[in-house]
Amino acid sequence: MKIIDQIYINGDFVTPHGATTFDLINPTTNQQIGRVTLGDETDVNRAIAAAKAAFTTFSKTTVQQRSNYLQRLHDAMIKRLPDLVEASVIEYGAPRQRALASNQLAADSFLHYKKVLEDFSFTRKAGTSEVVMEPLGVVGIITPWNANASYICNKLATAIAAGCSAVIKPSEMSAIQTQIVTEALHEAQLPPGVFNIVNGPGNVVGSAITLHPDIAKISFTGSTAVGKMIARGAADTMKRVTLELGGKSANIILDDADFHTAIPMAVAACFMNNGQACIAGTRLLVPEARLEEVKALLKTAVANVKTGDPMNETTTIGPLVSRKQYDRVQQYIQLGIDQGAELLTGGVEQPAGLEAGNFVQPTVFTGVTRDMRIASEEIFGPVMSVMTYKTTEEAIDIANDTVYGLMAYISSSNEKKAREIAGKIIAGRVLINTLNHDPLAPFGGFKQSGIGREFGAYGLEEYLEPKTIIL
Ligand code: NAD
């Protein structure tokens, strides 16, 4: 049993004022593995006061000093990588390989921002004036459970690069991972108060951060529903907001694509991170005339997916994070069946031998139409909806027929054509014949997938305010 009964304020591990506890459950077994004591509004106020005090001097640091801090944060995180991988497997259910990639990315985000600082202009010319890009203040960072360390670290790296201080509220379901991240970041010996980490419930700690007048900006990753609450709450004090929200990304397979590569890639795009990925390509759009071929390839590709104990090196899909998430995904699978979609593979029965955990079968529906809820709502589990199109224009129309706009995928052997289609897709990122991530290029959503961008120089701009000096 891991007992986590401290939060991190002003450079120290301290006992929270809040006394409520939250049980931490291993999703592979549904056994309790820990307990975290949650902070409350008093803890938020203390953390914000520490961050506000630290901002006075941290905002005046040089780029060189902040680059050094970023390097130290990276090095400290790397040292704890094995512990983080272990914790991500037992607390979140991430397959080992995925856990490694995600936590490595977390550590690397500090280096990515060190790189951005190398040629970022904090002083610019506009018209005849000088424009100084100033850190905007104390940033409130609120993150979800599906890649805990990478959200904390990427957002913190951006804040450090900008010269902002931060109060971080991770998901309470990730407390064991957060504890390791906090211990690692503490080792980097930044000035006290520059970052503070308060475990707690969203409606208490998250909400207190959102409403506090001394928070200048919120950087949030999570559901669209909570993103809207944060945007409303932030408006009263005119906080800046970066919101990275949900998605229902389309994956368009063009007739000229190499289907033997594109279909397995589509399965990987949909089932990544146990299907709990905002960027998952959950709507597969295929030419109507090729449906039978696609079905056969999908069956083979899904048969190669290994659902099981995430500790196992060969597992590609682990359990869903919680019983609640499991129930939600099962309900969507039942809904697909009830609304008349055809179950190509998967279904509501639990995978054999894995009944103790939150495992669902990787599920593919064909015959999905736009009016079905599985075609429009974010499921956040390994469930794919296959839809057919007759013309490219129809494919684009289906792809854009969503309130979301985070990501899209295109497979084609004709790059020019794929680029033309990318130009017509309403999404923050379009990946052509790849699943690669670019940590220096902007990431974020059109429409209800969010506001603003993260990563690279575009992400940094969002933690700065331009000040014009006219002489
Ligand atoms: P969530 O919105 O329930 O919670 C996210 C965070 O917000 C948690 O820390 C939670 O405690 C906090 N929170 C909850 N209520 C709050 C409130 N009233 N005020 C302030 N904070 C509050 O999301 P989740 O279930 O943790 O994560 C899954 C969701 O996140 C999915 O919708 C997914 O698409 C989205 N997501 C988006 C991205 C992206 O980059 N666009 C990445 C990962 C996940």
Side-chain angles (χ1 to χ4, degrees), residues 20 22 36 38-41 44 91-92 94 102 105-106 109 140-152 154-155 158 167-175 177-178 197-212 215 218-235 239 241-249 272-282 320-329 332 377-381 402-407 427-429 437 439 442-455 459:
T20 314
F22 179 83
V36 54
L38 304 174
D40 63 10
E41 201 175 334
V44 172
E91 185 178 44
Y92 167 63
S102 164
L105 184 64
S109 57
I141 292 174
I142 304 175
T143 58
W145 39 258
N146 65 335
N148 180 62
S150 32
Y151 296 119
I152 293 175
N154 180 59
K155 290 176 194 293
T158 321
V167 174
I168 304 171
K169 191 215 93 64
S171 170
E172 57 275 33
M173 284 197 281
S174 312
Q177 297 159 79
T178 297
I197 302 185
V198 182
N199 286 312
N203 61 356
V204 178
V205 169
S207 167
I209 293 172
T210 304
L211 298 175
H212 201 290
I215 293 282
I218 301 282
S219 177
F220 170 76
T221 296
S223 61
T224 295
V226 173
K228 287 179 186 178
M229 280 193 252
I230 288 177
R232 285 189 203 105
K239 289 181 178 59
V241 289
T242 303
L243 304 174
E244 299 292 353
L245 310 176
K248 189 76 187 176
S249 301
M272 65 169 91
N273 206 18
N274 306 345
Q276 299 169 136
C278 52
I279 55 172
T282 48
L320 298 181
V321 70
S322 63
R323 208 60 193 168
K324 190 171 156 215
Q325 187 68 12
Y326 166 86
D327 289 339
R328 176 190 151 90
V329 173
Y332 270 107
E377 296 177 16
E378 185 182 50
I379 299 173
F380 230 55
T402 166
V403 297
Y404 296 112
L406 189 59
M407 193 95 148
R429 270 191 184 191
H437 172 52
F443 172 77
F446 281 56
K447 300 194 279 184
Q448 293 190 33
S449 283
I451 295 177
R453 293 293 179 267
E454 295 198 286
F455 294 116

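If you're wondering where the values come from, they're calculated on a predicted model, not measured in any experiment. When a ligand or atom number is given, it counts from 1 through the structure's own listing order.
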Run the numbers for me: atoms of ligand 1, each under 4.0 Å from some heavy atom of [X], listed by number.
| X | result |
| --- | --- |
| Phe443 | 40 (O) |
| Cys278 | 34 (O), 36 (N), 37 (C), 38 (C), 39 (C), 40 (O), 41 (N), 42 (C), 43 (C), 44 (C) |
| Pro144 | 24 (P), 26 (O), 27 (O) |
| Met229 | 18 (N) |
| Ile142 | 6 (C), 7 (O), 9 (O), 12 (C), 21 (N) |
| Gly206 | 19 (N), 20 (C), 21 (N) |
| Glu378 | 31 (C), 32 (O), 33 (C), 34 (O) |
| Glu172 | 11 (O) |

| Which residues share a side chain to side chain contact (heavy atoms under 4.5 Å, CB included) with Ser150, sequence neighbours left out | Ser102, Ala106, Ala147
Which protein heavy atom lies closest to [atom], and at what distance to 0.1 Å?
| atom | answer |
| --- | --- |
| atom 8 (C) of ligand 1 | Thr143 O, 3.3 Å |
| atom 13 (N) of ligand 1 | Gly202 CA, 3.4 Å |
| atom 2 (O) of ligand 1 | Ser223 OG, 2.6 Å |

| For atom 43 (C) of ligand 1, the option (of Tyr404, Tyr151, Phe380) bearing the nearest heavy atom | Tyr151
Would you say ligand 1 has an N or O under 3.5 Å from any N or O of [X]?
| X | answer |
| --- | --- |
| Thr224 | no |
| Thr221 | no |
| Trp145 | yes |
| Thr210 | no |
| Lys169 | yes |
| Val226 | no |
| Gly222 | yes |

| said: Would you say atom 4 (O) of ligand 1 makes contact with the protein, given that contact here means a non-hydrogen protein atom less than 4.0 Å away? | reply: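 For atom 4 (O) of ligand 1 the answer is no, since every protein heavy atom stays at 4.0 Å or beyond.
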| message | Consider side-chain contact (heavy atoms from CB on, under 4.5 Å). Of Ile152, Ile142, Ile209, Thr178, which one does Ile168 pass it with? | response | Ile152
| query | Among the heavy atoms of Ser207, does any lie under 4.0 Å from an atom of ligand 1? | reply |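 Contact present.
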| said: Applying the ring pair (Phe, Tyr, Trp, His ring centres under 6.0 Å) criterion to Phe380, which one of Tyr326, Tyr332, Trp145 satisfies it? | reply: Trp145
